Student: 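The structure is given below, and queries will be raised subsequently.
What's counted below: heavy atoms across the whole structure, side chains too, no hydrogens, waters or symmetry copies. No experiment lies behind these values; they were computed from the predicted model shown.
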Amino acid sequence: MIMTDKIFIEKKIYYLSTYIALLSVLLMYALLQEYYSFFIWLFFYFFGRRVCSFVDHCSCFRRLYDMAYFIISFVGLIVVFDNNKNFGTYFGKGIDDYRYFKNISMIEGGGGFFEIILAPVYSSIALFKASGEVNLVDILPINWLAASIVVVVVAKFIVMIGFQIKSVTLFLSSILLSYNFIDNAVRLYRDVWVVLFMVIAIIAIYERKKIAFALFSILTGLMRGANFMLLIVFYFINNIFAGNKKVVYIAAFMTFSAFSYVAIDKVVVYSTAFDRVDKIQEYLSKSGSGNDAFRYLEVRGEVVSRDNYMRSNYLSGALSEGGVKSFLVKVFAMVFYPLTIHSPYKYQEINADFAEVNSVKGFFLYEVIKIFFVLSWSIYLPYLILGLWVGFFKERKILLSIVVFLFIILLTFSYASGQSRHLMILVALYPVITIVGYDYSKKSEFSNYMFFSQVFVFVLIILWNIYRWL
């Protein structure tokens, strides 16, 4: 076992996971025939390792980075391979990664802060490649690097607040096997950078580094304004729970202002939502031969009509349709997704080129990978629940603000968004609560029940999937 006073890494797990993942990454690049891209991937790997030295000089953090980078890269290449095999393009469902890539490449211009900071990276890669042509596989590793640094920074935060990571398997499972994190980390989305800046800003609050907090809060805001507001909320929450009464009145005023803004915004959104749905349906109807196959879409494991799909995705928040009950169901669905194992043979929509929407049936290896996401609930969910209980009732001074913040994130984005990538910050804090639950279980009577709790969750998942498949 590789032991430090901070993190305990099992040698077998470290070497086995890194070697297997590295060989798998090599294989995927060979299958894609992107040989130059492999060297770009290596460059970002070593650059990220250097960044880890600034986070902490302990070698254990670099080992965590190795494991995270290789695993995230492998999953990301599986997604790219599926898209290339089934669609003939590296881009897949949705248009976000396509739009970001085009803006980064400065082909279409425009874009936001995310595209601005990645545009020089694109230009540098273009100089390196003999052809001068940069594709998605070339630029994705910088996002995989950022996601891996998130893992390292979260580990640093856990150590900073006085806990040890005694089970790296549990730690990594709670973040890298969580669909809401890794499914978005492997794509060309800005969300992984939002999460990275937010976690660093949260650490700055605990370390009372006001300049660092201000800097990374601003960077977060430049990426997405809503997350900047969440950081301000956490700042006030942490100060209130720490007994700083001076900020109570300011927090109350800002909360009232924020809710007033959201209320007004919802009126505007709902007044135009149905018109947006009609326009989107009109757009989809132009997809030609793929239209019949697109009439039914699979949304979170449920087969629903296209009308209901449009309504549920473009009407912000379930309260507008089903009241509190529907909202709570939506919250549950967003947190505990996925729970269903699907066949790798499936229909998948493709609309990355902005021109048309088609539904293609093929074999998607990523669906096999998702099995691990589903089963991972049985590994860390019992410890996550125990950690929430500890945060509420035992370690209130350190963890109560984090626990409350998690619920605020969940309720806010479940109501206002409904997109899984907006919950990445929620999942990024899972390891903190999970490791706290694990640490407490080893010191209390709960240690006798955790294994049975894991088995119980596993059995529930199996029974649920049997029910779904019957």
Student: Heavy-atom distance under 4.5 Å between the side chains of L77 and V137, does that happen here?
Tutor: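 With C-beta onward as the side chain, the pair touches.
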Student: Under 4.5 Å between any side-chain heavy atoms of R224 and D191, yes or no?
Tutor: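 In contact.
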Student: Looking at D66 and R62, does any basic side-chain N land under 4.0 Å from a carboxylate oxygen?
Tutor: no
Student: Show which side-chain atoms of residues 168-176 pair as donor or acceptor with protein atoms under 3.5 Å away, not counting sequence neighbours.
Tutor:
| unit_1 | atom_1 | unit_2 | atom_2 | d |
| --- | --- | --- | --- | --- |
| S173 | OG | T169 | O | 2.6 |
| S174 | OG | L170 | O | 3.4 |
| S174 | OG | F171 | O | 2.7 |

Student: Listing request: all salt bridge (Lys or Arg N to Asp or Glu O under 4.0 Å) pairs with a residue in residues 123-133, at least two apart in sequence or in separate chains.
Tutor: K129-D138
Student: Taking the six-membered ring for Trp, are Y36 and F128 parallel (under 30°), tilted (30 to 60°) or perpendicular (over 60°)?
Tutor: perpendicular
Student: How many angstroms lie between CE in M223 and CD1 in I117, if you round to the nearest 0.5 Å?
Tutor: 3.5 Å
Student: Could you list the residues that satisfy side-chain contact (heavy atoms from CB on, under 4.5 Å) with F47, not counting sequence neighbours?
Tutor: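 If we apply the side-chain contact (heavy atoms from CB on, under 4.5 Å) test to F47, skipping adjacent residues, the hits are V51, L145.
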Student: Could you tell me which residues satisfy side-chain contact (heavy atoms from CB on, under 4.5 Å) with L365, sequence neighbours excluded, listed by chain and number?
Tutor: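 For L365 the side-chain contact (heavy atoms from CB on, under 4.5 Å) partners, ignoring immediate neighbours, are I78, D82, F363, V368.
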Student: Looking just at side-chain N and O atoms, do Y90 and D97 make a donor-acceptor pair shorter than 3.5 Å?
Tutor: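 Distance-only check fails for Y90 and D97.
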Student: Please enumerate all residues that pass side-chain contact (heavy atoms from CB on, under 4.5 Å) together with L22, with sequence neighbours excluded.
Tutor: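 Testing L22 for side-chain contact (heavy atoms from CB on, under 4.5 Å), a comparison that skips the adjacent residues, returns W41, F70.
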Student: Run V194 and I425 through side-chain contact (heavy atoms from CB on, under 4.5 Å) and show every step you take.
Tutor: CA-CA 8 Å; V194 174; I425 181 59; over 6 Å; no
Student: Can you confirm whether or not the ring centre of Y206 sits under 6.0 Å from the ring centre of F157?
Tutor: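 Distance test on ring centres: under 6.0 Å, yes.
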Student: Checking V186 now: which residues fulfil side-chain contact (heavy atoms from CB on, under 4.5 Å) with it, not counting sequence neighbours?
Tutor: I72, V75, V79, W144, I182
